[in-house]
Amino acid sequence: MNWLDKLMEGSARRVAQHSSRRGVLRGLGSMLVGTAALPLLPVARASAADGAPGMPADPGDPASCDYWRYCAIDGFLCSCCGGSQNECPPGTEMSPITWIGTCLNPADGKHYIISYNDCCGKSSCGTCLCNANKIDRPIYRPDLSNDLNWCLGTKSAIYNCSTAIVVGLAIDPKK
Amino acid sequence: MKKWIGLLLLGAALVHAELPAEKTGIIRTLPAPYPPHWILAHDGAFFHMSDGKVVVLDADAETGAAQYKGMINHGFMGGFATSRARKELYVSESFYSRGQRGERTDVFTIYDQSTLAPTGEVVLPGGKRFSGLPQVHAVQVIGDDRFALSFNFNPGSSVWVVDLEKRAIATEVPIPGCALMYPTGKRGFSSLCADGAFFSVQLDENGKLKKEVRGKPALDVEADPLFEKPARHAGMGWFPTFGGQMLPVDFRGDVAKPGKPWSLLDAADREAGWRPGGWQFLDTDSTGRIYMLFHVKGEKSSHQDSGTEAWVFDPASKKRERRITLKHPAMSIMLTRDDKPLMVAVGNNETGAFVLDVYDALSGQWLRTLADFGAETPFLVFPAP
């Protein structure tokens, strides 16, 4: 078990933290190759109408570590901290610089590039701590590293929580 | 009856003389160097990062009160290093004038090991100091402890060189595309770059850039990523990969020289899915043996999973000598550097709280658990300088 998960074991969100995230996501990541500077990413915009029959297009609970977009997240979920999966909590500032993951949306079977923009300027939200490491790399690959403080380019570097914003579809280099 | 009780109380008062008045204002100090089984627990304070600390603990003591020797603070995921020669502790840290907001000040703070009081500081300009989960190699001391290094990431990467004699910045060395610092040669360091190559730097006697060499990748880090956390001993560094290879790197010369990788796993280990992982999950003892955390049923993304066993390798023979089953799964380990070493493992107990499990490193026997010392997330433990 991952140690950050373990740290949250005693919290009220125990059930949400300890379902089958790892099993669901194992082996499903698609490696992004080349540079990962966001403006240069080879992405195609996802259609909001995509979705498997009988399943919402964006399934899952954004306040749970299991939510599909959190496959490479490391930090407190903004969804539990007064924000959402793509909005910062009131009074914080969203970092324009970030790390990315490539996560599988179970609704349409497609891989999406997810930008984990941090929200900054207030201290640790302190709840819903999640740590998934799909394609996480050490900090010599900062674009793929979730152990850095990504409150960069903001007025304050103090870290509050993390979002998981859909950037677009990942182009699978194997296809 | 009342008379008897009164006499008894009088008797007690006669036996126990009144306490003398005590002096106020007495502040304890610590020995320097610290005894070999004292350790320094670095609390990254994940839930209130502006208020981290490093706690000095006696890992031999049995009670919490006897274990706790003192502490220093660090601001916002500060980096930490020590110098035995200078009898100092170093913190690279950041503050805002209004707590979480306002004007930012990055500072390299120097503490005396005996008094645990700050004795100097060097302001680091530019607001670029690296912050993130605490990394051993984000702050290092080199060149016979004359210079300290502090890693910057904003997201360009560079290194502040701090002159510990002059208490001033000597220079800033850009390390584009690379991260962290591993002491190299007489007065230098190497950083690990995005392609898996090492970028080696030597400084002159004033701490200015003298020479830099960008090496070639020793491994395909896309196929099997190198961990950035080596075990180091006597100028050598051992860098494991996610998949269980070990890359030896010779840092004794001016330029990092990667050697031939060897496997940490045999066929049965691979079949069971044993993999290295955690946070600072490996260290060496004073003989150079490598202690390293492993977890079973690992996979490509399990590189930060806690280990259930510590495996002991002799890097000379490339053989695993022992396996130590841990009391609690652990993310980081540290070995004391004496000839009767303790292994201290940072784990989580049954309630999820961080604890430090202390083992006799040579026998593998669990001795005691250090807990309740006021640290919530001690990701790293450092040996006595």
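Below, chain A is the first sequence line, B the second, and so on; all start at residue 1.
Residues satisfying the salt bridge (Lys or Arg N to Asp or Glu O under 4.0 Å) criterion with B:Glu309, sequence neighbours excluded, are B:Arg323. For A:Arg69, the salt bridge (Lys or Arg N to Asp or Glu O under 4.0 Å) test picks out A:Asp58, with sequence neighbours left out. For the salt bridge (Lys or Arg N to Asp or Glu O under 4.0 Å) test, residues two or more places apart in sequence or in another chain that qualify with B:Asp106 are B:Arg104.
Interface remark: B:Phe153 contributes backbone and side-chain atoms alike to the contact with chain A (heavy atom separation under 4.5 Å). In this structure, no portion of B:Phe199 lies under 4.5 Å from any heavy atom of chain A. Residue B:Ser50 touches chain A through its side chain alone, counting heavy-atom pairs closer than 4.5 Å. If you measure heavy-atom distances from B:Cys178 to chain A, you find no contacts under 4.5 Å at all. Proximity to chain A (any heavy atom under 4.5 Å) is shown, for B:Leu226, by both the backbone and the side chain. Residue B:His303 touches chain A through its side chain alone, counting heavy-atom pairs closer than 4.5 Å. Heavy-atom distances place the side chain of B:Tyr96, and not its backbone, under 4.5 Å from chain A. Both the backbone and the side chain of A:Leu148 come within contact range of chain B, each with at least one heavy atom under 4.5 Å from a heavy atom of that chain.
Looking only at heavy-atom pairs under 4.5 Å with chain A, the residue among B:Asp195, B:Val346, B:Leu192 that has the most is B:Leu192. Note on A:Cys120, A:Ser123, A:Gly121, A:Pro138: by heavy-atom pairs under 4.5 Å with chain B, the leading option is A:Pro138.
The side-chain heavy atoms of B:Phe151 and A:Ile139, taken from C-beta on, include a pair separated by under 4.5 Å. With contacts defined as side-chain heavy-atom distances shorter than 4.5 Å, the pair A:Asn149/B:Phe130 does not qualify.
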Could you walk me through whether B:Glu222 and A:Arg141 pass the salt bridge (Lys or Arg N to Asp or Glu O under 4.0 Å) test, one step at a time? CA-CA 10 Å; B:Glu222 289 291 337; A:Arg141 284 296 308 273; 2.7 Å; yes

Run the numbers on A:Ser124 and B:His48 for side-chain contact (heavy atoms from CB on, under 4.5 Å), then give the verdict. CA-CA 6 Å; A:Ser124 301; B:His48 44 90; 5.9 Å; no

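Here the shortest heavy-atom pairing between A:Asp136 and B:Phe242 reads O-CE2, 3.8 Å. Across A:Ile97 and B:Pro155, no two heavy atoms sit closer than the pair CD1-CD, 3.9 Å. Contact between A:Leu152 and B:Asn154 at its shortest, heavy atoms only, is CD2-CA, 4.0 Å.
Atom CG of B:Asp372 has 12 or fewer neighbouring heavy atoms from other residues, nucleotides or ligands inside a 6.0 Å radius.
Here the two rings, on A:Tyr140 and B:Phe198, have centers that are 6.0 Å apart or farther.
At a heavy-atom separation below 4.5 angstrom, chain B is approached by A:Lys155, A:Ser156, A:Ala157, A:Ile158, A:Tyr159 within residues 153-164 of chain A.
To the nearest 0.5 Å, the span separating NZ on A:Lys134 from NZ on B:Lys300 amounts to 7.0 Å.
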